[in-house]
Trainee: 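The structure follows.
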Amino acid sequence: MSNSPQLIVPVSVGVVGGGQLARMMGEAAHGAGVILTVLATSPDDAAVATCDATIIGAPSDHHSLDELADAVDVVTFDHELVDLDQVAALEANHVVVRPSAAALRFAVDKAHQRQSFERAGIAVPRFVVVTSNDDPALLSFLDAHRQVVVKAARGGYDGRGVLFPASRAEALAMVGDVARTTTVVVEERLELHGELAQLVVRSTSGAVVAYPLVATVQANGMCVEVRYPAGQKETVSGEALRLAIQIAELVDAVGVVAVELFLTERGLVVNEIALRPHNSGHWTIEGARTSQFANHLLAVSGRPLGPADPVHDAAVMVNVVGSDLPGSILLARAVSGAHVHDYGKTWRKGRKLGHVTAVGADAQAAHVTAWKSARAYGTTTREA
Ligand code: ADP
């Protein structure tokens, strides 16, 4: 046996979408043996600076998708606002797409997700799927549930497309409005005791690694903070892991599977899933032995996964969300122990512009450090 190091043949991966997730995939790519090409809508997109090559074009433009597919071995995604028919057409042309169009449908279409999970016996909020506000199923659902949430089945993210009507009349008006563009999911509004996220990564051989459960804190439908440890009993973390593995297998995912969970009176309920690196896993860059970005790329390029164990007792990640005025990234970086990630985006109110992670032995100290740095950076979201 020779002692010479094994040669790793890089795999060429293409990512559809040039946002911050693709940017952080770009940072992890070479470590995962991947050459990453991004399909970005503009040279100013966040991922262009970190990827090896860029193709400019819309993710919904089939010429641009074909150009990306021709240039790489495997296609993956940084968001789910994709046209599934176009993705299926790539597969029909023998392009390797991971996750597949069939798997992506679960993340793209909330109605399909809710209906499939319910059939599989996975706990989800009680719901009804409708295409108009005069559907008798909707009227009897509103009779049975005083408080509901109205969700666009497709096209929503960061709370856009999620509506909280104050009355039956408002619910009917909102359903009518949303139904003009997409199918509508109307579901019971649950009393939340907390929100959690369980990330697992599944390889092409079906092997799964799991990150520890985290707690997520939301403001106005947007995640503002993520905490490890989640502070839950083992019965809860065990159930979260069981659900995430069941879902990863049900959808036949390859790559990251992020499962957003509600903690309610009747236990854990699945809110939604994402089949890509997820905001609740950004802390893994500093906080775990292999980051979610590296593991996603290892998975989609057909490699064995890296260990997902945490390397510290605690980690806190705070999103930097644009407020009226930008703060100072230099002051944010000057906070000792703060790992500042800037997405290179133009400052805009309500936009996720970066994040800060603090890790260590003490969860409270990490919380204080991450928020101090994020506030210096200019975020004005409220600290929970
Ligand atoms: P998005 O797809 O835009 O991320 P979500 O479906 O995750 O939207 O909803 C955003 C937030 O709205 C959730 O994190 C939660 O705080 C709240 N929410 C969503 N659905 C419900 C529900 N059925 N009951 C109570 N709160 C909900």
Trainee: For Gln292 versus Val256, what's the shortest heavy-atom pair and its separation?
Mentor: O-CG2, 3.6 Å

Trainee: Show me the pairs that pass ring-ring contact (aromatic ring centres under 6.0 Å, His included) and involve residues 67-113, at least two apart or across chains.
Mentor: Phe106-His112

Trainee: Can you check side chain to side chain donor-acceptor pair (under 3.5 Å) on Asp45 and Thr41, steps first, answer last?
Mentor: CA-CA 7 Å; Asp45 280 6; Thr41 47; 3.0 Å; yes

Trainee: Can any side-chain N or O of Arg98 pair as donor or acceptor with the backbone N or O of Val300 at less than 3.5 Å?
Mentor: yes

Trainee: Can a donor-acceptor pair be found, under 3.5 Å and without considering hydrogens, that links the side chain of Ser373 to the backbone of Ala332?
Mentor: yes

Trainee: If you compare all heavy atoms of Gly57 against all heavy atoms of Ser64, which two are closest, and at what distance to 0.1 Å?
Mentor: CA-OG, 3.5 Å

Trainee: Looking at side-chain heavy atoms only, is the closest gap between Ile56 and Pro43 below 4.5 Å?
Mentor: yes

Trainee: Is there a side-chain contact between Cys223 and Val217 (heavy atoms, below 4.5 Å)?
Mentor: no

Trainee: Roughly how far apart are Asn319 CG and Arg351 CZ, rounded to 0.5 Å?
Mentor: 14.0 Å

Trainee: Has the side chain of Thr380 got a donor or acceptor atom that lies under 3.5 Å from a matching backbone atom of Ser323?
Mentor: no

Trainee: Looking at every non-hydrogen atom in both residues, tell me the closest pair between Lys352 and Tyr343 and how far apart they are.
Mentor: O-CD1, 3.6 Å

Trainee: Counting distance only, does the side-chain N/O of Glu170 pair as donor-acceptor with the main-chain N or O of Ala166 below 3.5 Å?
Mentor: yes

Trainee: When rounded to the nearest 0.5 angstrom, what distance separates CG in Leu172 from CG in Asp177?
Mentor: 12.5 Å

Trainee: Any idea which heavy atoms bring Thr37 and Thr54 closest together, and the distance?
Mentor: CG2-N, 4.4 Å

Trainee: Is there a side chain to side chain contact (heavy atoms under 4.5 Å, CB included) between Arg375 and Val318 once you walk through the steps?
Mentor: CA-CA 10 Å; Arg375 270 198 305 272; Val318 174; over 6 Å; no

Trainee: Nearest 0.5 Å, please: how far is OG in Ser116 from CD1 in Ile122?
Mentor: 9.0 Å

Trainee: Any non-hydrogen side-chain atom of Arg23 less than 4.5 Å from a side-chain atom of Val48?
Mentor: no

Trainee: Would Leu139 and Asp134 count as a side chain to side chain contact (heavy atoms under 4.5 Å, CB included) if you check the C-alpha gap in whole Å, the side-chain angles of each, and the deciding distance to 0.1 Å?
Mentor: CA-CA 7 Å; Leu139 304 179; Asp134 55 11; 5.7 Å; no

Trainee: Taking only residues two or more places apart in sequence, or in another chain, which ones meet Asp85 in a side chain to side chain donor-acceptor pair (under 3.5 Å)?
Mentor: none

Trainee: Tell me whether Glu188 is salt-bridged to Arg266, with the criterion being a basic N under 4.0 Å from an acidic carboxylate O.
Mentor: yes

Trainee: Compare every heavy atom of Val201 with every heavy atom of Leu305, then report the nearest pair and how far apart it is.
Mentor: CD1-O, 3.4 Å

Trainee: Regarding Gln20 and His282, do their side chains bring together a donor and an acceptor under 3.5 Å, going by distance alone?
Mentor: no

Trainee: Please list, chain by chain and in numerical order, all residues satisfying salt bridge (Lys or Arg N to Asp or Glu O under 4.0 Å) with Lys233, sequence neighbours excluded.
Mentor: none

Trainee: Who clusters with Phe262? Use side-chain heavy atoms, under 4.5 angstrom, across I, L, V, M, F, W and Y, and order the result by chain and number.
Mentor: Leu190, Leu192, Val269

Trainee: Is there any ring-ring contact (aromatic ring centres under 6.0 Å, His included) pair reaching into residues 196-249, and which pairs are they, with sequence neighbours excluded?
Mentor: Tyr228-Trp283

Trainee: Any donor-acceptor pair under 3.5 Å linking the side chain of Glu91 with the backbone of Ala101?
Mentor: yes

Trainee: With heavy-atom distances below 4.5 Å as the criterion, would you say the side chains of Leu353 and Trp347 are in contact?
Mentor: yes

Trainee: Take atom CZ in Arg168; do more than 12 heavy atoms of anything else shown fall under 6.0 Å from it?
Mentor: yes

Trainee: For His62, enumerate each residue passing the side chain to side chain donor-acceptor pair (under 3.5 Å) test, keeping only those at least two apart in sequence or located in another chain.
Mentor: none

Trainee: Checking Asn220 side chain against Met222 main chain: does a donor-acceptor pair fall under 3.5 Å?
Mentor: no

Trainee: Side-chain donor-acceptor pair under 3.5 Å between Ser291 and Asn295, yes or no?
Mentor: no

Trainee: Are the side chain of Asn93 and the backbone N or O of Val95 linked by a donor-acceptor pair below 3.5 Å?
Mentor: no

Trainee: For the pair Glu187 and Arg126, find out whether any cationic side-chain nitrogen is under 4.0 Å from an anionic carboxylate oxygen.
Mentor: no

Trainee: With sequence neighbours left out, what residues match His278 under ring-ring contact (aromatic ring centres under 6.0 Å, His included)?
Mentor: none

Trainee: Could you tell me if the side chain of Val186 sits less than 4.5 Å from the side chain of Val175, heavy atoms only?
Mentor: yes

Trainee: Only counting residues at least two apart or in another chain, list the ones meeting ring-ring contact (aromatic ring centres under 6.0 Å, His included) with His312.
Mentor: none

Trainee: Out of curiosity, Arg146 CZ to Ser167 OG, how far, rounded to the nearest 0.5 Å?
Mentor: 11.5 Å

Trainee: If we ignore hydrogens and angles and just use 3.5 Å, is the side chain of Asp78 paired with the main-chain N or O of Gly19 as donor and acceptor?
Mentor: yes

Trainee: According to the salt bridge (charged side-chain N to carboxylate O under 4.0 Å, His left out) rule, which pairs have a member within residues 324-341, sequence neighbours left out?
Mentor: Asp324-Lys349

Trainee: Scan Thr357, Val214, Ile285, Val359 and name whichever one has a side chain to side chain contact (heavy atoms under 4.5 Å, CB included) with Met317.
Mentor: Thr357

Trainee: Salt bridge check, Arg227 against Glu225: does any charged N sit closer than 4.0 Å to a carboxylate O?
Mentor: yes

Trainee: Is the shortest distance from a Lys or Arg side-chain nitrogen in Asp252 or Arg202 to a carboxylate oxygen in the other one below 4.0 Å?
Mentor: yes

Trainee: Please check if the side chain of His145 supplies one atom and the backbone of Phe141 the other of a donor-acceptor pair under 3.5 Å.
Mentor: yes

Trainee: Side chain to side chain donor-acceptor pair (under 3.5 Å) with Ser301: which residues, sequence neighbours excluded?
Mentor: Arg303

Trainee: Between His296 and Thr76, is there a side-chain donor-acceptor contact under 3.5 Å, judged purely by atom types and distance?
Mentor: yes

Trainee: Check which hydrophobic residues are tied to Leu330 through side-chain heavy-atom contacts below 4.5 Å, counting indirect links as well, and list them.
Mentor: none

Trainee: Verify side chain to side chain donor-acceptor pair (under 3.5 Å) between Asp52 and His30, making sure each step is shown before the conclusion.
Mentor: CA-CA 9 Å; Asp52 296 292; His30 294 179; 2.7 Å; yes

Trainee: Which residues satisfy the side chain to side chain donor-acceptor pair (under 3.5 Å) test with Gln113, sequence neighbours excluded?
Mentor: none

Trainee: Indicate the atoms forming the closest heavy-atom contact of Leu68 with Val38, along with that distance.
Mentor: CD1-C, 4.5 Å

Trainee: So, Thr216 and Gln218: side-chain donor and acceptor under 3.5 Å apart, yes or no?
Mentor: yes

Trainee: Going by distance alone, is a donor N or O of one side chain under 3.5 Å from an acceptor N or O of the other, for Glu286 and His341?
Mentor: yes

Trainee: Quick check: does any side chain N or O of Thr284 sit under 3.5 Å from a backbone N or O of Ala288, one acting as donor and the other as acceptor?
Mentor: no

Trainee: CG/Leu275 to CD/Glu80 distance, rounded to the nearest 0.5 angstrom?
Mentor: 7.5 Å

Trainee: What's the spacing between Leu261 CG and Ile273 CD1 if we round to 0.5 Å?
Mentor: 11.0 Å

